[in-house]
Amino acid sequence: MVWIALAGGLAVIGVIVWSFGRDASRAEEAPPERPPRGWAAGLGEDARVAFLEGLRAYQDKVGPLHLREDHGLLAVHDPPRLVSLHLLADRFAARGPEGLHDPEETVRALVTACVTTEQPGVLHLRPGWLGSGEVDGMDRRAFVEAVREIVCPGGAEGVAGRFADESAGSLVVTLAAEGGDAGNTLLLDLARVLDRYEKLRAERPGMPARALLRDVLFRLLAEDGPGLTWTEPPAERHRAALLAAGQPPTERRPAS
């Protein structure tokens, strides 16, 4: 009986040692955690957790939000707003200990400021922007698709993602990082594209619809005027990439 008990004890010890060794080996084999990229790169671990907790609290108490981390974007539904996560995260980090101590109030104040005032990195959208009407034979869906195919045609090089919100009247295009240059995301207000289109149509009544729309969009991209912003200050190559992508195939040249 003593030998049996001793053998059983050694077996248990052997299992424990084996399990510990296996776990240690797995820990050594596991790849190191990558540092955060994009909008969260300027936040420490505690600040990231607090920032996301503040966003959840805002949604619970104030209204719905849609977090699109891959685009570096926060969408506020009422009133409709697009807000750069880079902008919010930088401002949250600047609050220092205040943000960590009271993330709910800090995030609420930051988002409220963006909802109230349009600024670089913040786009205010217009509800009911086209409704059930038409412009040059294009209803709302056709107008959105025409804009999307000019600004970001299918298969455009360097585009990491895109989506349009027909109801809110927005187009979002994310450009991939290239070399040492970070990516960026374009935010476009389709209501103000429509305003420009109708104004230019009055000046050029005989111009084909797609050519007129391309002219409107190229001017807007070149000017960075009202109705267009980016989640981060754009480099020249960001604008150039979209301008090149939107050219007709016979005119398209590589972005410089």
Side-chain angles (χ1 to χ4, degrees), residues 27 30-128 160-165 167-177 181-189 191-192 224 226-235 238:
E33 185 178 352
R34 292 182 178 179
R37 298 181 181 179
W39 65 267
L43 297 175
E45 183 179 353
D46 291 343
R48 289 197 303 276
V49 172
F51 179 67
L52 292 173
E53 285 180 352
L55 288 176
R56 282 192 289 270
Y58 182 98
Q59 177 163 265
D60 291 342
K61 294 189 176 182
V62 181
L65 301 172
H66 191 178
L67 190 66
R68 290 185 173 268
E69 295 190 55
D70 52 338
H71 294 279
L73 181 65
L74 181 73
V76 181
H77 295 284
D78 186 23
R81 305 286 190 259
L82 297 180
V83 181
S84 164
L85 281 175
H86 298 269
L87 176 70
L88 284 176
D90 287 350
R91 291 183 177 178
F92 185 87
R95 295 292 184 97
E98 176 188 347
L100 297 176
H101 176 70
D102 190 358
E104 179 178 337
E105 176 56 28
T106 302
V107 169
R108 187 201 65 77
L110 293 175
V111 175
T112 298
C114 293
V115 167
T116 304
T117 305
E118 190 171 73
Q119 55 202 281
V122 179
L123 199 61
H124 288 192
L125 304 174
R126 189 167 74 206
R162 65 176 186 171
F163 69 90
D165 188 330
S167 177
S170 65
L171 175 66
V172 173
V173 180
T174 296
L175 299 175
D181 189 7
N184 207 342
T185 297
L186 168 77
L187 313 178
L188 189 62
D189 176 14
R192 279 175 278 193
D224 269 358
L228 179 151
T229 192
W230 299 79
T231 53
E232 294 187 273
H238 296 135

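Note that the numbering runs from 1 along the sequence shown for the chain.
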What's the shortest heavy-atom distance between [X] and [Y], and which atoms?
X	Y	value
Gly42	Ala93	O-CB, 4.1 Å
Leu171	Ala164	CD1-CB, 4.0 Å
Cys114	Val122	O-CG1, 3.2 Å
Ser170	Leu125	CB-CD1, 3.9 Å
Thr106	Glu98	OG1-O, 3.5 Å
His86	Gly38	CE1-C, 3.5 Å

Glu118 and Arg192 ion-paired at < 4.0 Å: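 So Glu118 pairs with Arg192 through a salt bridge.
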Glu104 (side chain) donor-acceptor with Gly54 (main chain) under 3.5 angstrom: no
Under 3.5 Å: donor-acceptor pair, side chain of His124, backbone of Val115: yes
Centroid separation Phe51 to Trp39 less than 6.0 Å: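 Aromatic pair counts; centres sit under 6.0 Å.
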Flag for Asn184-Thr231: side-chain donor and acceptor within less than 3.5 Å: yes
Arg95/Leu110 under side-chain contact (heavy atoms from CB on, under 4.5 Å): CA gap, chis, key distance, verdict: CA-CA 10 Å; Arg95 295 292 184 97; Leu110 293 175; 3.7 Å; yes
Nearest 0.5 angstrom please: [X] [atom1] to [Y] [atom2], how far?
X	Y	atom1	atom2	result
Leu82	Asp165	CG	CG	8.0 Å
Leu74	Arg68	CG	CZ	11.0 Å
Leu73	His66	CG	NE2	9.0 Å
Leu65	Gln59	CG	CD	5.0 Å
Asp189	Thr229	CG	OG1	11.5 Å
Leu67	Arg56	CG	CZ	9.5 Å

Parallel, tilted or perpendicular: ring planes of His238 versus Trp230, cut at 30 and 60 degrees: tilted
Mind checking whether [X] and [Y] have side chains closer than 4.5 Å, heavy atoms only?
X	Y	value
Val172	Leu186	no
Arg91	Leu88	no
Pro120	Pro233	no

Qualifying residues under side-chain hydrogen bond (donor to acceptor under 3.5 Å, both in side chains), relative to Thr185, sequence neighbours excluded: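 In terms of side-chain hydrogen bond (donor to acceptor under 3.5 Å, both in side chains), with neighbours along the sequence ignored, Thr185 is linked to Thr174.
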Ring-face cation contact, Phe92 with Arg48, 6.0 Å cut, 45° max: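 No, cation not above the ring by the 6.0 Å, 45° rule.
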Heavy atoms from other residues, nucleotides or ligands near NE2 of His101 exceed 12 (cutoff 6.0 Å): no
